[in-house]
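Order of listing sets the numbers, starting from 1, for every ligand and every atom in it.
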Amino acid sequence: MPRTLEGDLIDRGGRYAIVVARFNDFITARLLDGALDTLRRHGVPDTAITVAWVPGAFELPIVCRRLVRAAEHDAIIALGAVIRGSTAHFDYVAGESAKGIAAAGGGDVPVIFGVLTTDTIEQSIERAGSKMGNKGGESALTAIEMVNLLRELPGAPPTKAR
Ligand code: INI
């Protein structure tokens with residue numbers, strides 16, 4: 001039998017930060033609801049959750065980076081909704097947001113990419129709690145799994161009490 005390392009979905013004392021963009025907040029508020037609901041259902045108390053709002057998806061990376069550096073959380077969840085509509089702005093905002101969030105997650109703290117990038121408002125609505133699920137909830141599950149997996153891996157730093 002190989003040694004298998006896998007994070008489960010049970011809260012094991014993790015501390016979570018959610019960074020959420022206000023732009024398109026009729027969508028992002030639903031993503032936040034989904035993330036909070038999932039964290040709570042998996043046993044994470046509100047005292048272990050921090051929520052930070054930023055103006056738009058473009059501003060998500062700077063706040064994720066700061067939270068990573070502060071080392072007060074075991075995972076950061078970045079939530080946003082970039083909707084193409086008819087503007088070329090989409091490509092810059094979506095691209096820089098994705099690149100910046102990936103860079104913020106390049107260290108020891110996982111940064112989860114929960115940013116919807118869709119062509120239409122309808123596609124975002126579908127992914128914010130209707131027929132295609134809720135990207136916020138899925139991101140929270142990913143965060144719990146990564147926190148627990150990283151604790152199983154060799155070289156894990158001592159767990160901080162919350
Ligand atoms: N921000 C978003 O989060 N979603 C969008 O769809 C969007 N569009 O399309 O423009 C958007 N723009 C704002 C951007 O994130 C910054 O807040 C702004 O450019 C100031 O830096």
Side-chain angles (χ1 to χ4, degrees), residues 7 9 11 14-42 44-150 162:
L9 299 177
D11 173 47
R15 299 156 304 162
Y16 296 86
I18 303 171
V19 188
V20 54
R22 195 173 293 111
F23 202 102
N24 291 325
D25 69 352
F26 67 104
I27 298 291
T28 62
R30 301 280 79 77
L31 300 180
L32 176 61
D33 286 347
L36 289 173
D37 182 60
T38 298
L39 290 175
R40 289 172 180 145
R41 281 171 183 268
H42 286 262
V44 182
D46 279 5
T47 49
I49 305 172
T50 302
V51 177
W53 286 90
V54 297
F58 195 81
E59 284 74 36
L60 289 167
I62 186 173
V63 176
C64 291
R65 278 202 305 276
R66 174 73 67 87
L67 289 169
V68 166
R69 209 179 322 134
E72 290 182 358
H73 298 91
D74 300 292
I76 318 288
I77 301 164
L79 301 178
V82 192
I83 301 171
R84 185 180 292 276
S86 56
T87 167
H89 204 53
F90 170 95
D91 294 308
Y92 299 107
V93 173
E96 292 308 312
S97 178
K99 262 192 277 170
I101 291 167
D108 284 333
V109 179
V111 181
I112 310 304
F113 186 67
V115 179
L116 293 174
T117 54
T118 64
D119 287 331
T120 65
I121 288 174
E122 289 71 23
Q123 288 169 346
S124 278
I125 292 170
E126 284 172 6
R127 291 159 178 78
S130 60
K131 63 182 175 189
M132 301 284 282
N134 185 311
K135 186 75 176 166
E138 290 162 21
S139 300
L141 279 183
T142 304
I144 295 170
E145 180 173 345
M146 286 304 295
V147 168
N148 293 340
L149 171 62
L150 288 167
R162 65 184 176 200

Ligand-side contact atoms (ligand 1) for residue partner [X], heavy atom cut-off under 4.0 Å:
| X | answer |
| --- | --- |
| Asn24 | 4 (N), 5 (C), 6 (O) |
| Gly56 | 3 (O), 15 (O), 17 (O) |
| Phe58 | 14 (C), 15 (O), 16 (C), 21 (O) |
| Phe23 | 1 (N), 2 (C), 3 (O), 4 (N), 5 (C), 6 (O), 7 (C), 8 (N), 10 (O), 11 (C), 12 (N), 13 (C) |

With only distance considered, is [X] within less than 3.5 Å of ligand 1 through an N or O on each side?
| X | answer |
| --- | --- |
| Phe90 | no |
| Ala81 | yes |
| Ile83 | yes |

Measure the spacing between CD1 of Ile18 and OG of Ser139 and express it to the nearest 0.5 Å.
-> 9.5 Å
NZ (Lys135) and CD1 (Ile27) are apart, to the nearest 0.5 Å, by 14.0 Å
Student check: side-chain heavy atoms of Leu141 and His42 closer than 4.5 Å = yes
Side-chain contact, heavy-atom cut-off 4.5 Å: Leu31 with Val20?
-> no
At the 4.0 Å heavy-atom cut-off, does Gly80 count as touching ligand 1?
-> no
Residues, nucleotides or ligands: over 12 heavy atoms within 6.0 Å of [X] [atom1]:
| X | atom1 | result |
| --- | --- | --- |
| Phe113 | CZ | yes |
| Phe26 | CZ | yes |
| Leu9 | CG | yes |

Side chain, backbone, both or neither: which part of Ser97 has a heavy atom under 4.0 Å from ligand 1?
-> neither
